[in-house]
Chemist: 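Below you will find the structure I want to go over with you.
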Protein chains: 2
Amino acid sequence: MTRKTVLIVDDEPAIRDMLKVALEMANFDCIEAKNAHEAQIAVTDNRPDLVLLDWMMPDVTGIELLRRWRRNEDTQYLPVIMLTAKAEEENAIRGLDVGADDYISKPFSPRELASRIKALIRRSTPIVSEELLIAGELILDPVGRLASVKGQNVSLGPTEYKMLEFFMMHPNRAYTREQLLNNVWGANVYIDERTIDVHIRRLRKALSIDGYENIIQTVRGFGYRFSEEALIKSTD
Amino acid sequence: MTRKTVLIVDDEPAIRDMLKVALEMANFDCIEAKNAHEAQIAVTDNRPDLVLLDWMMPDVTGIELLRRWRRNEDTQYLPVIMLTAKAEEENAIRGLDVGADDYISKPFSPRELASRIKALIRRSTPIVSEELLIAGELILDPVGRLASVKGQNVSLGPTEYKMLEFFMMHPNRAYTREQLLNNVWGANVYIDERTIDVHIRRLRKALSIDGYENIIQTVRGFGYRFSEEALIKSTD
DNA sequence: GATATCTGTCATGAATTTGTCACTTTGGAG
DNA sequence: CTCCAAAGTGACAAATTCATGACAGATATC
């Protein structure tokens, strides 16, 4: 089972540590951010499965951050749990309806936290990943864990599969090698960036039916992009 | 292999015809409905394996119809693909999260449509006839607690039997060893995951008549999958 | 209670996957 | 056109992951 990554956004180190300990005991990977800026970077680079967001922060309030995420297509459905100082605050924030998926007031018990997180992740992940990912006649079925081109199954190693899945969930966007590392391999891996070239090579090779290898384009000096447009050109 | 029936729900005859031609070429049986009323009748009477549902219809919107189906136990898991007029609409509808299994925007290419449908059908429904689970000539009778391949009974231990039953109820889906443990052994068992490999081995051995052992595929780095497709390949 | 069957674990060997490296090719700035 | 950095490619060894047969304890059957 894939381990889920949780991003903790809070300016108090004590709180962060507390949460981190609780979450790691519950078998989650943790990333931390102490302000809105770091949080934004962590979200785009590491794509956590869930965010614990303190609502009171020195620079931007958590609410503003959350609003921004909700407007962005990529982070629109990112599960977010708001951390509030007191229960009264919770009600006030609920009233604002900023789009958080759940609220927890400090002080919180680690057990409750873990179970709410689990419930939220369980609820949110399958909805996204049960759908077929499609680009022309390239189809990836996340449920069956199968990819096919023109009805013909392609055999992919676990890494190639994950990479293709990531690309197909975010088509037409260029990613740097570092971003790919974060998203496909996960946070905190130290792997040579050239290695990605090799995996790209392997993925292209596997997809090379009727020109489908061109669907992964190289963006010179930057990284790679999964481009549906590439299909239209060669097919049409 | 049983032929699958697809219900086309759209008020425009031109679209219906187009879809019908494409689907019949792809070897599906088609039923048509031009409004929500007809669609409801067709679903209850003919029990299609999949529904293509136009989201914009004169009387009730497709969404309302879908919501109704999802609330009904009988049609709860009926695979539904939503047809939308434009790509932009698609995103809007996704946001509503009405429970469609997939979305396709017009105009769609017949080939793409067919492959999406196949992929969706493939992974969705186990073939259940009364009390029998069927996959080609592999038949499992839960009532008699018997399994047979090509009419020949196969002898399975209790665990192998339960595993096969689970697989046949969820064909074409990849499961991790952990998921298999939870579903076949039950929650909170602490059994080495490698043990599953051994049971898979035993199950395969028992099914090894005329290539039927290949119906259980290993998904490297992930787990296993009971794949009806494996049959089609060797049989067809 | 004896016998047969089933289960979980382990050791071993085979197969696949993965990260790196060395070398070639390519794109484009100057 | 020349040259350099970036990307493509094939090969390889280490690491991971599976398949398989054997075995002893548990369970069921008669």
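All chains are named by letter (A, B, ...) in the order of the sequence lines, taking the proteins before the strands, and each is independently numbered beginning at 1.
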Chemist: Is A:K205 salt-bridged to A:E213, going by a charged N under 4.0 Å from an acidic O?
Modeler: no
Chemist: Between C:dT18 atom P and A:M163 atom CE, what is the distance in whole Å?
Modeler: 10 Å
Chemist: Hey, do the aromatic rings of A:Y175 and A:F222 have their centres closer than 6.0 Å?
Modeler: no
Chemist: Quickly work out the B:I191 CD1 to D:dA26 P distance and round it to whole Å.
Modeler: 14 Å
Chemist: Counting only side-chain N and O atoms of A:Y224, is one of them less than 4.0 Å from OP1 or OP2 of D:dG8?
Modeler: yes
Chemist: Base, sugar-phosphate, or nothing for B:T159, non-hydrogen atoms under 4.0 angstrom?
Modeler: sugar-phosphate
Chemist: According to a strict under-4.0 Å criterion, is A:R204 in side-chain N/O contact with OP1 or OP2 of D:dT9?
Modeler: no
Chemist: Whether the side chain of A:R202 and the base of C:dG19 hold a donor-acceptor pair under 3.5 Å is what I'd like checked.
Modeler: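 Result: at least one qualifying N/O pair found.
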Chemist: Using a cut-off of less than 4.0 Å, is there contact between a side-chain N or O of A:R201 and OP1 or OP2 of D:dT9?
Modeler: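 Result: yes.
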Chemist: Could A:D197 and A:R194 be called an ion pair, given the rule that one side-chain N must be under 4.0 Å from one carboxylate O?
Modeler: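 Salt bridge present between A:D197 and A:R194.
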Chemist: Measure from the side chain of B:T195, starting at C-beta and using heavy atoms only, and say which of C:dT17, C:dG19, C:dG8 lies closest.
Modeler: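 Nearest nucleotide to the side chain: C:dG8.
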Chemist: Is it the case that the base of D:dT17 and the side chain of B:R220 share a donor-acceptor contact (distance under 3.5 Å, atom types as modelled)?
Modeler: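 Under the 3.5 Å cut-off, the side chain and the base do form a donor-acceptor pair.
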Chemist: Can you tell me which nucleotide in D:dA19, C:dG19, C:dG8 comes closest to the side chain of B:H199?
Modeler: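 Among the listed nucleotides, the one closest to the side chain of B:H199 is C:dG8.
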Chemist: Using a cut-off of strictly less than 4.0 Å, decide whether B:W185 has a side-chain nitrogen or oxygen near OP1 or OP2 of C:dG8.
Modeler: yes
Chemist: With DNA chain D as reference, determine whether A:V198 or A:G221 sits nearer its 5' end, using the nearest nucleotide of each.
Modeler: A:G221
Chemist: From the options B:I139, B:L138, B:D210, select the one residue that forms a side chain to side chain contact (heavy atoms under 4.5 Å, CB included) with B:K150.
Modeler: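 For B:K150, the side chain to side chain contact (heavy atoms under 4.5 Å, CB included) test succeeds with only one of B:I139, B:L138, B:D210, which is B:D210.
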Chemist: Heavy-atom nearest nucleotide on DNA chain C for A:I196 versus A:L156: which residue maps closer to 5'?
Modeler: A:L156
Chemist: Is the backbone N or O of A:T218 less than 3.5 Å from a side-chain atom of A:R225, with the two atoms forming a donor-acceptor pair by type?
Modeler: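 No, A:R225 side chain to A:T218 backbone: no donor-acceptor pair under 3.5 Å.
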Chemist: Between D:dA7, C:dT18, C:dC6, which one does the side chain of A:E160 approach most closely?
Modeler: C:dT18
Chemist: Starting at atom CD1 of B:I200, determine the distance to atom P of C:dG8, rounded to an integer number of angstrom.
Modeler: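 Rounded to whole Å, this separation is 13 Å.
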Chemist: Would you indicate what A:T218 reaches in the nucleic acid, counting non-hydrogen atoms under 4.0 angstrom: base, sugar-phosphate, or nothing?
Modeler: sugar-phosphate
